[in-house]
Amino acid sequence: MDLALRALGAMGALAVATVLTWLLEPRLLSSAAEKGVAAPVGVRDEKHLAQNPDTWMYSAGPILAVLGVVFAVVVIPWGDRLVPRDLGIGVFYFIVVLDFVVLGLSLGGWGANVRDSVDVYYRGVAQLVAYVVPLGLAYIGAIMMAGSLSTQRIVEAQAGMWFVVLQPIGFVLYLVTGLMQAYRPPFLEPFSAFIGGGVFGSSSGGRAIGWRIAMSATLFLVAAMGAVLYLGGWRGPVLPGPVWMLIKTYGLMMLMVWGGARFRLLTAGRMLELSWKILTPVGLANVLVVGALILLGVGPT
Amino acid sequence: MIIDHYALVGLLALIGTGLALLLAAAYRPPVHVVREPAAWASYRFGYPVYALIFLSFDMEMIFMYPWAVVFADLGLEAFLDMLVFIAILSAGIAYAWKMGGLKWE
Amino acid sequence: MSVGAVAEWAAFVILAFIAVAGALGMATTMSMFRSGIFLMGSFIGVAGLFILLSADLLGLLQIMMYIGGMLVMILFMVLFSHDPGGSMMAGMEMSLVERLFSLGLSSGTAEMEHGDTGATGDMEAMGGAGGMAHEDMGDMGGMDGMDHGAAGDMAGMDHGDMDMSMTTPMKRYAAGLAVVVGAGLVALLVLRPAWPISSVTPDPESARVVGGLLMSKYMMAFESAGLLILVGIFGAVFLARPGRYPDQDARDEYVTADEPPPPIEEDAPPRGEGKKPAPAARSLSVLEAHVDEGDGD
């Protein structure tokens, strides 16, 4: 059954990617840095709940977050015809389903009825408000040059030259907003120790594992989509497609995590300022620059 | 044909939900009830202006995605149309910035 | 293959159920936060219906708008309402529908692990049938809401005057009229002789089609939408202008006082020293009042 094979492939890819990221990420951060999401999961700790939590919302949080990443892995291409399903609007679908992770954070945070946890909702949505528009603008440059929303077409359009060379501004913009989307340093606030680890403080056991799976997979997916959009995806001379994809994804992930760890942690207010005063104008300018480049004939026809 | 594509998404929804429910039910740690005043109170968050501007720009992004797909085929005219659109919205951000709206309260 | 048709029908039933149940939940649940989430769930069900109709770009646009929009809207709801989590209302008398959609909230005085297994009620995108006892009657989900509302309101009316139910007390003729009109509309749908079937096949490249249309036929709408968005940004900045009172304490003082704030005092010319005494001094003696008036202005 074709459908079952595809589903199995998607879940398998997600499982491998999540495990690799879960193991790799704490090794990338120095021991003195604040770990945030990468901290070891307290499976046997007590969970801190108020007397009257909202049990539906609290339970629904990790489920929605995991659902978001399960949906998103459908459009990541691993090879020439190795994609669980090449949706016609692949990249747009990807952006939308990764919003489910933030939705899950909000529900899970609100449900525990503990100040630290409800703060995750406020700060997480602040970060969502900060990253969505510049992230979309970073995607739009690559979409313009490829002329399609499908991930396979975007990879094929980079047969001549990778988009990172043609759109360096867009690439840097993607690095920054991708880190914001993945809730990693320096954009760590909803998970920081300042609020007791956020949802990790108010959940443990199977739920905390669920959160960790969702966040690790989010980092992987952000890096993988960056590799697809800007680094040519699975294209490469000698090695097979999936190997190149892993190399590029983890290379980009290392770049993002190391680069992010250099900076001081930002608060939500500064994140919003950064996004709306700097990143969004840069993104809009990038769209115009890429448009001019295409009109001048640069890039794939 | 499009529906066939999303059949995979539907199947994965069921599988994913099932797995997540299994995980959540797998190990139930003890609950430590925290006795503090309830956190569900009327709370003044510091970013209402940012949130409203984000809603407006979300509407803008709706228009930019289909435009980006057809841009390469349509050339200069589409570029000028989007230039006008971006100019209108940049005027919005500039107005908000200068009027002191872009700050955390 | 018939599997495709059955799967499509099953998906339609599930999505329609989510859409209707979400709307019902939004109206009846005690928690404002859940109300927003149920509305989002309902619209995600509708987005699933769009995808079933091969409008995948529109479906995903709907999901994107409503996730972002509802999260922000719930923020504003929390800003303005007294009990956004519904914990205070959870212990009150409620009708059946409200109690169903407020399961999982507890008022905090009673048990702790209140239904930790209750994870079946959340709203997901395309799966997970809810645990409600009622089935859809045929392929119309619209009648369920009426029945629930009528049944629930009957229960709500029987309590005494401490009824904190949020459902409006039922007016029987209004409910009867609604049922008749609903039945009439549904009959129109079901008994229609022929549905027009379009010969246009859905294009897998939906973004390209939409983009082409935006650039040609709907250009004016596109640019006007930009202007409308600009006006929205103006409104947002206007709403955040600095208030009249310097800080919250000063504002509370004025808001909670019984008398209106003191009027704006212009620079009144001095009316002579005699008119300056405090009101208490006037009651000292009549003689002094005469003396004061004698001084003149």
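Letters go in sequence order (proteins before strands), and every chain restarts at 1.
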Practice task
Taking Y47(B) for its side chain and A126(A) for its backbone only, find out whether a donor-acceptor pair lies under 3.5 Å.
Solution key: yes

Show the nearest heavy-atom pair for residues [X] and [Y], with the distance to one decimal.
X: P134(A); Y: S275(A); answer: CG-OG, 3.6 Å
X: A142(A); Y: L229(A); answer: CB-CD2, 3.7 Å
X: F71(A); Y: V9(B); answer: CE2-O, 3.3 Å
X: L8(B); Y: P84(A); answer: CD2-O, 3.6 Å

Checking [X] against chain A: side chain, backbone, both or neither under 4.5 Å from a heavy atom?
X: F79(B); answer: side chain
X: L76(B); answer: both
X: Y65(B); answer: both
X: L11(B); answer: side chain
X: M64(B); answer: both
X: L19(B); answer: side chain
X: I93(B); answer: side chain

Interchain contact, [X] with chain B, by part (heavy-atom threshold 4.5 Å):
X: A268(A); value: both
X: V132(A); value: side chain
X: V125(A); value: both
X: D86(A); value: backbone
X: F92(A); value: side chain
X: V74(A); value: side chain
X: V118(A); value: side chain
X: L14(A); value: neither
X: T280(A); value: side chain

Any idea which of [options] has the most non-hydrogen atom pairs under 4.5 angstrom with chain B?
options: V69(A), V66(A), V91(A), L137(A); answer: L137(A)
options: R6(A), M144(A), K277(A); answer: K277(A)
options: E273(A), R85(A), M11(A); answer: R85(A)

Exercise for the section: On the 0 to 90° scale, with breaks at 30° and 60°, tag the Y6(B)-Y93(A) ring pair as parallel, tilted or perpendicular. Expected result: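 Taking Y93(A) first and then Y6(B), their aromatic rings stand perpendicular (interplane angle over 60°).
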
Problem - Whether over 12 other heavy atoms sit under 6.0 Å from R115(A) CZ - result: yes

Problem - Identified side chain to side chain contact (heavy atoms under 4.5 Å, CB included) counterpart of L135(A) within the set L279(A), T177(A), L98(A) - result: T177(A)

Practice task
Apply the side chain to side chain contact (heavy atoms under 4.5 Å, CB included) test between L105(A) and each candidate in W110(A), W211(A), Y121(A); give the one that qualifies.
Solution key: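 For L105(A), the side chain to side chain contact (heavy atoms under 4.5 Å, CB included) check succeeds only for W211(A).
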
Between [options], which residue shows the highest count of heavy-atom pairs closer than 4.5 Å to chain A?
options: D73(B), I53(B), D58(B); answer: I53(B)
options: G46(B), P66(B), A68(B), A96(B); answer: A68(B)
options: M61(B), E60(B), K103(B); answer: M61(B)
options: F54(B), Y50(B), F45(B); answer: Y50(B)

Problem - Minimum side-chain heavy-atom gap S59(A)-R207(A) below 4.5 Å - result: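 When only atoms from C-beta onward are counted, R207(A) and S59(A) do touch, with a gap below 4.5 Å.
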
Handout entry: Nearest-0.5 Å distance that lies between atom OH in Y131(A) and atom CE in M271(A)
Key = 12.0 Å

Exercise for the section: Determine, stepwise, if the pair L288(A) / L284(A) fulfils side chain to side chain contact (heavy atoms under 4.5 Å, CB included). Expected result: CA-CA 7 Å; L288(A) 295 176; L284(A) 291 172; 5.9 Å; no

Problem - Ring center gap for F85(B) and W67(B) short of 6.0 angstrom - result: no

Exercise for the section: Show the numbers, then the answer: is there a side chain to side chain contact (heavy atoms under 4.5 Å, CB included) between L221(A) and F94(A)? Expected result: CA-CA 9 Å; L221(A) 287 165; F94(A) 184 82; 3.8 Å; yes

